[in-house]
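To start, the structure itself, in structure tokens.
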Amino acid sequence: MRTCLRCGLIAFMVLSSPALAPAKGLSPPSAPDPARIAQFLECHRDVGLVTIQDWLGLDVRYREGDGGLSGKMIEIIDVCVQDRAELEAASTVFAEDGPRFRLKDIEVRVLSDGDERRFRRKDLRWMEMTSRGDGVYILDGTIASAMIPGIRIGDRIRVVREYDLKGIFGLPPHSLGSALRPALECGYEI
């Protein structure tokens with residue numbers, strides 16, 4: 001059992017994922033059981049995009065020399081596209097890279113009718129723009145986006161991002177799930 005913040009986060013146990021070499025101290029959850037996913041999708045057939053899993057894990061420690069918290073962060077977002085109107089939004093993947101958030105690795109898996117396609121960072125065509133925080137441009141930081149090719153209705157898209165963090169001043173904000181769509185599993189682990 002992991003302890004969690006008092007601000008409403010729920011303590012929970014997670015299973016290790018064999019598909020990802022986790023950062024030391026982090027235990028990313030595996031994908032939910034296929035039977036649970038099928039039941040969840042059946043209950044939400046009328047929703048264009050549903051979240052199967054949304055998880056953010058942090059293994060950070062204060063390091064005086066870094067001027068803040070440093071360590072690892074892993075983010076998992078797993079969605080299923082059920083409507084044509086959601087294809088474009090679901091086909092776009094984002095990544096941040098900068099002096100405090102270094103993108104170590106990204107993996108995109110597309111599950112379609114029993115077939116699985118995998119993409120790594122080098123496999124996608126990225127468009128980058130300068131990052132900005134608190135009204136200040138971070139010249140060595142970028143926000144990048146790429147389109148995942150060949151996404152169709154019924155596809156499941158699982159994106160796993162791993163970051164090295166250095167000298168961050170607080171915990172990254174993260175909205176678990178979305179008020180606009182149902183979510184099967186959500187978690188924020190510290």
Side-chain angles (χ1 to χ4, degrees), residues 2 12-23 25-45 47-59 72-97 101-127 143-164 172-189:
R2 307 247 180 193
F12 60 94
M13 293 180 71
V14 293
L15 304 171
S16 63
S17 171
L20 178 71
L26 288 178
S27 299
S30 59
D33 177 79
R36 281 185 64 218
I37 294 171
Q39 182 181 18
F40 176 73
L41 294 177
E42 182 63 30
C43 290
H44 299 286
R45 285 186 303 194
V47 180
L49 186 66
V50 295
T51 300
I52 304 295
Q53 189 175 55
D54 183 358
W55 183 84
L56 182 74
L58 292 159
D59 181 18
K72 303 283 182 198
M73 179 175 81
I74 296 176
E75 182 180 26
I76 298 172
I77 184 73
D78 189 338
V79 298
C80 183
V81 184
Q82 301 192 120
D83 186 298
R84 182 166 304 285
E86 299 293 343
L87 280 174
E88 184 178 348
S91 298
T92 306
V93 63
F94 295 93
E96 182 178 352
D97 208 1
F101 286 81
R102 287 279 176 220
L103 181 63
K104 183 177 178 183
D105 197 12
I106 187 167
E107 178 185 68
V108 178
R109 287 189 214 167
V110 179
L111 296 110
S112 177
D113 295 327
D115 183 35
E116 182 176 311
R117 294 179 289 136
R118 291 181 186 221
F119 302 93
R120 301 308 281 223
R121 188 177 190 180
K122 64 180 174 44
D123 300 325
L124 298 170
R125 294 183 179 186
W126 293 93
M127 182 178 77
I143 300 290
S145 65
M147 296 297 285
I148 307 165
I151 301 298
R152 298 177 300 212
I153 296 171
D155 286 356
R156 235 178 91 201
I157 304 157
R158 184 174 177 86
V159 179
V160 181
R161 297 175 194 88
E162 185 174 350
Y163 289 92
D164 286 325
H174 188 78
S175 298
L176 294 173
S178 168
L180 302 176
R181 63 178 179 253
L184 179 60
E185 288 185 358
C186 294
Y188 193 123
E189 182 177 341

Scanning both residues in full, the closest heavy-atom pair of Arg156 with Cys80 reads CG-CB, 4.0 Å
Ile37 and Pro32 have their tightest heavy-atom pair at CD1-O, 3.4 Å
| message | Looking at Glu162 and Lys72, is there a salt bridge between them, counting it only when a charged N and a carboxylate O are closer than 4.0 Å? | response | no
Residue set satisfying salt bridge (charged side-chain N to carboxylate O under 4.0 Å, His left out) with Glu75, at least two apart, ordered chain then number -> Arg161
**Asked** Under a 4.5 Å cut-off applied to non-hydrogen side-chain atoms, are Pro28 and Val160 in contact?
**Response** no
query: Can any side-chain N or O of Arg121 pair as donor or acceptor with the backbone N or O of Leu103 at less than 3.5 Å?
result: yes
To the nearest 0.5 Å, atom SG of Cys186 lies from atom CG of Leu56 at 11.5 Å
Note to self: Would the distance check show the side chain of Asp155 and the main-chain N or O of Arg152 forming a donor-acceptor pair, the cut-off being under 3.5 Å?
What the structure shows: yes
d(Ile157 CD1, Leu111 CG) to nearest 0.5 Å is 9.5 Å
Say whether, by atom type as modelled, one donor and one acceptor occur between the side chain of Arg158 and the main chain of Ile52 under 3.5 angstrom. no
Interatomic distance, CD1@Ile106 vs CG@Asp123, rounded to 0.5 Å, equals 11.0 Å
Heavy atoms of Leu87 and Ile153 approach each other most closely as CD2-N, 3.8 Å
All heavy atoms of Arg117 vs all of Gly150, minimum pair found to be NH2-O, 3.2 Å
Taken to the nearest 0.5 Å, the spacing of Asp59 CG from Glu189 CD works out to 9.0 Å
Scanning both residues in full, the closest heavy-atom pair of Ile76 with Gln53 reads CG2-OE1, 3.7 Å
Report yes if the side chains of Phe119 and Val110 come closer than 4.5 Å at any heavy-atom pair, otherwise no.
-> yes
Heavy-atom nearest pair, Ala90 first then Leu49, reads CB-CD1, 3.9 Å
Rounding to 0.5 Å, atoms CG (Asp78) and CH2 (Trp55) come to a distance of 13.5 Å
- May I ask you to decide whether Arg120 forms a salt bridge with Asp105, counting only side-chain N to carboxylate O separations under 4.0 Å? yes
Check: Does Arg181 come within less than 4.0 Å of Glu86, counting only side-chain N to carboxylate O?
Finding: no
Between Leu58 and Tyr188, is any pair of side-chain heavy atoms under 4.5 Å apart?
yes
CE of Met127: more than 12 outside heavy atoms within 6.0 angstrom?
no
**Q.** Close side-chain approach of Asp97 and Trp126, heavy atoms under 4.5 Å
**A.** no
Taken to the nearest 0.5 Å, the spacing of Thr51 OG1 from Ile77 CD1 works out to 5.0 Å
Sequence neighbours excluded, the answer for ring-ring contact (aromatic ring centres under 6.0 Å, His included) partners of Phe40 is His44
Side chain proximity check, Arg118 to Glu107, heavy atoms < 4.5 angstrom | yes
